[in-house]
Amino acid sequence: MTRVMQSETSILERYRKFLPLTEKTKIITLGEGFTPLVRARNLARALGREDLKIHLKLEGLNPTGSFKDRGMCMAITRAVEEGSRAVICASTGNTSASAAAFSAQAGLKCFVLLPAGNVAMGKLAQAILYGSTVIQINGNFDRALELVKEIGENYPVTIVNSINPYRLEGQKTGAFEIIESLGDAPDYLAIPVGNAGNITAYFRGFKLWHEEGKSTRIPKMCGFQAAGAAPMVLGRPVENPETIATAIRIGNPASWEFANSAIDESGGMIDAVTDEAILEAYKMVATLEGVFCEPASAASIAGLKKSIEAGRIAEDKTIACILTGNGLKDPKCALEACKQDLDPVEADLKSVIKAMGI
Ligand code: AN7
């Protein structure tokens, strides 16, 4: 499935009958969804498992560069329909970028609460440029979300974090697209977990289309958290989560219980991957497949690698890895992960040929 072949511009139009929309609903869209699902043969070979059909869902190609647009178009569409004038969210970065963009298009006021110093530069730049009011707090994401809930209860602003049920409704469309691309659901879904909304939404989407007879199976939902921010693996909230993957630097996920049910019901797993493993996977998927995802997204590849090494992935299976966000959002991480000598050389042929190492 390619983006240019779609006659619809919005996933809300395409999947209208599976979403809480009516004939009258005016859809707010930036052309989200319809992201490519690409086969990763080089990666499978490098992991020593050419039998596996590994696919990468390139969610970084959404309008604001992350999967959040799937849920945000739905949440903002409904906020407008319900007469809201302002929205608010807490965010590790991507939700704020998406909320700010859709609010701009819809003419809504948008407030975003960010953990100061822990949001990738590209995401902060997006939230500012789309015209939201950015409030950086001296606290982490979990604290920001507590504040947002309190504000939502006391002021006339609509919360557009994934505790807003329309967000997860829209995010189910990722599962629909995968089934359409593969002709069936995959055997496994590998997905990074932060606030645990996306794994919940994918499960609901797969379950719904299985019930509709559009697939023969529901994938084993395999969620991966960063080791320094792995409350679901530890079975208790993490007060001071730490990881290089700032998008998933979350210690007390809002959809924890839903995600646990998704994992249990599907026979999946939840596991933790270290920052080193995340960075290794981040480089692998870039150098082997030409895909630049953000560090949090690479947790899905790191998790798949760990699961393969532990012998947990059966032969000849089909796997979809959700690459949730675009690597360009966090160029600092890429430059720091790069071991190349970037010092300039003299602008003459001899120096350049020498630098080429040939
Ligand atoms: C790239 O933007 O929570 O488990 O505030 O940006 O559904 O939270 C981002 C989460 C994975 C985790 N990958 O998804 C936010 C935020 C990327 C992300 C996740 C996020 P959830």
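Atoms within a ligand are numbered from 1 in the order they appear, just like the ligands themselves.
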**Q** Hey, does Ile250 sit under 4.0 Å from ligand 1 if you only count heavy atoms?
**A**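 Heavy atoms of Ile250 do come under 4.0 Å of ligand 1.
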**Q** Please identify which atoms of ligand 1 are closer than 4.0 Å to at least one heavy atom of Thr95.
**A** 2 (O), 5 (O), 15 (C), 16 (C)
**Q** Using a strict 4.0 Å cut-off to heavy atoms of Thr92, name the atoms of ligand 1 that fall inside it.
**A** 2 (O), 3 (O), 5 (O), 9 (C), 15 (C), 16 (C)
**Q** Do any N/O atoms on Phe141 end up under 3.5 angstrom from N/O atoms on ligand 1?
**A** no
**Q** Could you tell me if any non-hydrogen atom of Lys68 lies under 4.0 Å from any atom of ligand 1?
**A**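 Yes; Lys68 lies near enough to ligand 1 that a heavy-atom distance drops under 4.0 Å.
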**Q** Verify the distance criterion only: is there a donor paired with an acceptor across the side chains of Asn161 and Lys149 at less than 3.5 Å?
**A**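 No, no side-chain donor-acceptor pair sits under 3.5 Å.
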**Q** If we only consider heavy atoms of Gly93, is any one of them less than 4.0 Å away from an atom in ligand 1?
**A**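 A heavy atom of Gly93 does come that close to ligand 1.
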**Q** Do any N/O atoms on Ile248 end up under 3.5 angstrom from N/O atoms on ligand 1?
**A**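 No, since none of the N or O atoms of Ile248 sits under 3.5 Å from an N or O of ligand 1.
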**Q** As an exercise, identify every atom of ligand 1 less than 4.0 angstrom from a heavy atom of Val193.
**A** 4 (O)
**Q** If only side-chain N and O atoms count, and only distance matters, is there a donor-acceptor pair under 3.5 Å linking Gln171 with Lys68?
**A**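 No.
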**Q** So which heavy atom in the protein is nearest atom 14 (O) of ligand 1, and how far is it from that ligand atom?
**A** Phe67 CZ, 3.5 Å
**Q** Show me which atoms of ligand 1 lie under 4.0 Å from any heavy atom of Asn94.
**A**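 Heavy-atom distances to Asn94 below 4.0 Å select 1 (C), 2 (O), 6 (O), 17 (C), 18 (C).
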**Q** Give the single entry among Val112, Thr324, Asn195, Thr246 that approaches atom 8 (O) of ligand 1 most closely by any heavy atom.
**A** Asn195
**Q** Starting from atom 7 (O) of ligand 1, locate the nearest protein heavy atom and write down its residue, its atom name and how far away it is, to 0.1 Å.
**A** Asn198 N, 2.7 Å
**Q** Hey, does Ala296 come in under 3.5 Å of ligand 1, counting only N/O atoms on both sides?
**A**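 It does not: no N or O of Ala296 is found under 3.5 Å from an N or O of ligand 1.
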**Q** Are Asn94 and Glu294 linked by a side-chain donor-acceptor pair shorter than 3.5 Å?
**A**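 A pair is found: one side chain offers a donor N or O, the other an acceptor, under 3.5 Å apart.
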**Q** Geometry only, no angles: is Ser96 polar-contacting ligand 1 at N/O separations under 3.5 Å?
**A**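 Looking only at distances, the answer is no, because the N/O contact criterion of under 3.5 Å is not met.
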